[in-house]
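Whatever order the structure lists them in is the order used to number ligands and atoms, beginning at 1.
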Amino acid sequence: MKIKVFENYDELSRFAAEVVKETINSIENPVLGLATGSSPVGMYEHLVRMHKNNEVDFSNIISINLDEYVGLDGSHDQSYRYFMDHHLFDHVNIDKSKTFVPNGLAADLEAECVAYDQRIRDLGYTDLQVLGIGPNGHIGFNEPDEKLTTRTHVADLLDSTVDANARFFESRDDVPKQALSMGLEAIMGARKIILIASGQNKAQAIKALEDEYITTQVPATLLKVHPDVLVLVDKEAASLLNR
Ligand code: F6R
């Protein structure tokens, strides 16, 4: 795992977009694992700009997202499907039928999870997985716990995560308390991973990535055993690092 510190969020986002661009331009049918939330917004903005400058072509891409809230329809402005359409898919030449986000409205959520994992295996896992990180160290919605789940599952969001995400909703009560989330197998199956963290509230979680220890209480520490992980942080998120 390498940690790279940037002067500001825009530089970080530009670099992240370059990594995505290189992946897209160097692989015939790239499979991208994508994240939502505030962390990758700048990266998506740069990718849209690069696309408009003819630097990157999305026509051969398959994308598969990390997670989706249970109970939100794709047209709900806080659903992750809506986020992806709004921040990326509607602005680039991607074939939307090749963009996958878990269906948080599936009648049988368990079957949806099994099918999602099967799809990831059939795709041969991702060439590049983009991750954010929760203030509590979660990746996807793999929340700190005694045990973590390998497969795609229905995750109960911790109160701290509901609090952190309440800023996107009208009130805290509106935040879904469950999400469908890829498990550790799909995330760790990626050939390359970039994790984006910006802001002081991520500093504690980023500090846990600095030493050689792994703990399920900070799920992102599991990434330390993956052979190709690049952690991209701004100065605020890096503020507790020793280096
Ligand atoms: C989103 C996801 C989450 C977020 C994390 C950080 O698809 O999987 O793990 O990356 O909660 O969220 P932000 O970026 O909003 O601080």
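If you check the side chains of D117 and T152, you find a donor sitting under 3.5 Å from an acceptor. Neither side chain, N103 nor E112, offers a donor N or O lying under 3.5 Å from an acceptor on the other. In summary, the side chains of T161 and E143 do present a donor paired with an acceptor at a separation below 3.5 Å, with no hydrogens or angles considered. With no hydrogens or angles considered, a side-chain donor-acceptor pair links R167 and S38 at under 3.5 Å.
With F6 as the aromatic partner, K235 does not meet the cation-pi criteria of under 6.0 angstrom to the ring centre and within 45 degrees of the ring axis.
Partners of D122 by side chain to side chain donor-acceptor pair (under 3.5 Å), not counting sequence neighbours, listed by chain and number: Q118.
Near ligand 1, heavy-atom contacts under 4.0 Å come from A35, T36, G37, S38, S39, L66, D67, G132, I133, G134, H138, G140, R167, F168, K202.
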